2 protein chains.
Amino acid sequence: MPRPRKPKSSRAATLADVGRAAGVSAMAASAVLNSVKTSSRISAETRERILAAAAELQYRPNAAARALLHRRMNTIGVAAVVDDKNELNHYFLALLNGVLTAATHHEQNTTVFALHDWSNDTRRLDSVCDGRIDGLILFAPTFDAEVGRKLPAHTPYVTIHANHAVEGVVNIESDEENGAFMMVEHLLAQGHRRIMHIAGPEGFTGADRRVTGYRRALKKHKVRFERSLVVHSLFDDTHGHEAMRGWLQHHAGEPLPHAVFCANDAIAIGCIEALAECGLRVPDDISVAGFDDTLASRASVPQLTTVRQPLVQMGRQATQILLERIGTIPNVPPPPSPVVLPVEVVERASVGPRPAVDRIVPALKRR
Amino acid sequence: MPRPRKPKSSRAATLADVGRAAGVSAMAASAVLNSVKTSSRISAETRERILAAAAELQYRPNAAARALLHRRMNTIGVAAVVDDKNELNHYFLALLNGVLTAATHHEQNTTVFALHDWSNDTRRLDSVCDGRIDGLILFAPTFDAEVGRKLPAHTPYVTIHANHAVEGVVNIESDEENGAFMMVEHLLAQGHRRIMHIAGPEGFTGADRRVTGYRRALKKHKVRFERSLVVHSLFDDTHGHEAMRGWLQHHAGEPLPHAVFCANDAIAIGCIEALAECGLRVPDDISVAGFDDTLASRASVPQLTTVRQPLVQMGRQATQILLERIGTIPNVPPPPSPVVLPVEVVERASVGPRPAVDRIVPALKRR
DNA sequence: CTGAAAGCGCTTACAG
DNA sequence: CTGAAAGCGCTTACAG
């Protein structure tokens, strides 16, 4: 004899509860609610009774129980390192948009993990490969191959903009070198010759590729490369600001660059601020270009001329490939790795023609 | 006799696998790995053997099985409506930052649901209240109380900036009316008298409160309210741009406002662009203020003077309260609803003193 | 102190 | 066609 249960209102109804309310077995309820073989097994009248009971009790098949059976949570994880201020950034936002769109389209959920450091937080990622996610997307991981291989073998993952290739892991990237090349060609086409580059941190694949593209464009157009025109910065506006300001400070009285090509939009925004503080206007006095085409490039005034990386699409594609590996969606032939997406120059307002007269770096006002 | 299992490398190891590898029962393995009563039950040597086996097999306690037992996934959900372009925005990003920080701190995971429409997508939220999340945080929901009450009773939720109060649901908000009041007082203190307001959409609580604060400040300082100085816009830069441009078009030849108070940062950015297109410079010719203090307010050049809503903290606090309701963390006395957080004026560069001479709205250049 | 059993909620495969 | 049973992986409560 079944013990009477205390109907705690806070407890979710189970199949047994539904069955009891409808006067049938849990199994019959299951059959109806999964709508398989309904007509053949269960009378229309019983069916209605079960449906009504389920609605009344706000029944939902328990996800944990199903996951235990199917070994699938229908959830993917995305992991990203957050920046200095412990905040997610525009780059993350764009990728997340793509992941959410694709995941939702395939009725998959998305769990977000914000890490502070790839190499140290690998443990935390590890601990989450416990069946609660079916796979993982890593945004711009900088761990080395060895750390990557330490992730549990049973959780498939793909990377976006990985700093190092990991054997057997698909990496999605964009044609960054070519993007830099095209942007610098665009600046040259506007007549600019003295083109500064605020690069990303040294040793980052993405930053290095932009430098390479920058140099290749200069070389092609026979503009001499000057080491003093390249400075490095972290990928945020604060450091971009400091980099530009520092350069101006050390080069007062020298010829002002015609244009500054920045390694991402955030740096470009910091750069424009630093220029504004010296009374230099963009693009009238000096042109500034970004990279990424994040929301920030449109929030900036003037709007940034930038290199569009298809970040949303990259997030979408990473999700697609991951779901194929998991087996959630049909397995097309495995993609080659890396998957390289094309980039393009987006012309907005921060780049103009070369000014009629060359200028000198003004002496910096004290802050 | 246990059937030999085919060791599919893709399958995660179970407690039984670990036990077998170590020559003990699954239960013994469980006891060791949960590190309860270890010394008393299991010899140090056996313990080592079990630990080694678990490491070797990359064992992780299955989350679904645990969730089935504990009725807890240690995961919360956040749901937000994405904007026109189906993209998440700065406001969302800031709140998410707060939620992730707090959730991670309590070792909880966060699943993100991006919806297109509150009233229609309530079904989708419903379907996800199936044990995969322990509770839900709703970002700026605009559904009415009735829809809200349709969410399954067994899933607790809290709201942030809800458009309507729902009985029994804690809402976290900020003191928006006062924020608007303080900002308009700040503009008045700079000498501005003719202050335009680009409000949010009519019928939105947050937008209405800003209008109220705006009017209250004008009244207190005996500045006549002019209906023609208030226009409405959606909460994004495109509509902010249109709103400002449209106003200028219809008021050519009339006195230019001294300042524009915008209902959020995105509108302010669109507004600055529209002004720039007419050759009006901020803040030299006209001051512009935003609301929210999102990342965008710092990406803008000039940086926006704005009202800081503590969005990150609101996300954090919402998480805290939700986890208390779930029972994950100790239950302090239930907070009053709504929880109202203080706001403050952040002075940056987009607001300056009132120009020496009043100006006339210039005739608009054709686009 | 140790192991076998029961049960979380569900579904699949198997007897009646 | 229908119901009882077994099992997903784990932990808790109970016999030995």
Side-chain angles (χ1 to χ4, degrees), chain A residues 2-3 5-6 8 10-47 50 54 57-74 129-132 134 152 154, chain B residues 2-3 5-6 8 10-47 50 54 57-74 129-132 134 152 154:
Chain A
R3 246 186 303 158
R5 296 201 195 177
K6 183 166 37 157
K8 259 179 142 182
S10 65
R11 227 180 95 281
T14 71
L15 220 35
D17 295 329
V18 174
R20 199 172 307 123
V24 298
S25 70
M27 228 214 51
S30 172
V32 167
L33 294 168
N34 291 322
S35 63
V36 278
K37 314 181 221 160
T38 46
S39 53
S40 60
R41 285 181 78 117
I42 314 279
S43 77
E45 187 259 351
T46 306
R47 199 180 127 74
I50 292 172
L57 294 171
Q58 302 191 311
Y59 172 76
R60 311 245 177 327
N62 181 281
R66 281 187 159 175
L68 195 52
L69 241 36
H70 298 137
R71 291 199 189 73
R72 191 136 314 163
M73 269 302 290
N74 294 317
C129 297
D130 61 355
R132 77 180 57 233
D134 307 321
H154 53 82
Chain B
R3 246 187 303 157
R5 295 199 196 182
K6 184 168 36 162
K8 259 180 143 180
S10 64
R11 226 181 97 280
T14 72
L15 220 35
D17 296 329
V18 173
R20 199 172 309 123
V24 299
S25 71
M27 226 213 55
S30 171
V32 166
L33 293 168
N34 291 321
S35 62
V36 279
K37 311 181 217 156
T38 46
S39 53
S40 58
R41 283 180 80 114
I42 314 277
S43 77
E45 187 260 351
T46 305
R47 198 181 128 74
I50 292 171
L57 294 170
Q58 301 191 310
Y59 172 76
R60 310 242 177 332
N62 182 280
R66 281 190 160 173
L68 194 52
L69 241 36
H70 298 138
R71 291 198 190 75
R72 191 136 315 162
M73 269 302 288
N74 294 317
C129 297
D130 61 355
R132 77 180 56 231
D134 307 321
H154 52 83

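What you are looking at is a predicted structure, and each value in this text was computed from that prediction instead of being measured. In what follows, chains are A, B, ... by sequence order, proteins preceding strands, each numbered from 1.
- For residues 62-74 of chain B, no pair satisfies salt bridge (Lys or Arg N to Asp or Glu O under 4.0 Å), with sequence neighbours left out.
- Atom CZ of A:R11 and atom C1' of C:dG7 are 13 Å apart (whole Å).
- A:M27 has its CE atom 11 Å from the C1' atom of C:dA13, to the nearest Å.
- Here the closest heavy-atom approach between residue B:C129 and residue A:R60 is recorded as O-CG, 3.6 Å.
- Closest contact between the side chain of B:L15 and the listed nucleotides C:dC10, D:dC10, C:dT12 involves D:dC10.
- Side-chain contact between A:N62 and A:T14 is absent, with no heavy atoms from C-beta onward closer than 4.5 Å.
- Side chains of B:V24 and B:V32 form no contact here, defined as non-hydrogen atoms less than 4.5 Å apart.
- In plain terms, the two heavy atoms of A:A63 and A:M73 that are nearest each other are O-SD, 4.4 Å.
- Of the inter-residue distances, the one linking B:L33 atom CG with B:R47 atom CZ reads 9.0 Å to the nearest 0.5 angstrom.
- Listed pair B:S30 / D:dT11 meets the phosphate criterion, a side-chain N or O lying under 4.0 Å from OP1 or OP2.
- Rounded to whole Å, atom P of D:dT11 lies 9 Å from atom CG of B:L33.
- For the strand DNA chain C, secondary-structure stems (runs of at least three Watson-Crick or G-U pairs, all distances below 3.5 Å) span C:1-3 with D:14-16, C:5-12 with D:5-12, C:14-16 with D:1-3.
- In terms of heavy-atom proximity, A:A29 sits nearest to A:L15 at CB-CD1, 4.0 Å.
- Within residues 62-73 of chain A, the residues having any heavy atom under 4.0 Å from DNA chain C are, by residue number, A:N62, A:A65, A:R66, A:L69.
- Listed here is the closest heavy atom pair of B:A64 and A:A67: CB-CB, 3.7 Å.
- For the pair B:R132 CZ and C:dC8 P, the computed distance is 21 Å after rounding to whole Å.
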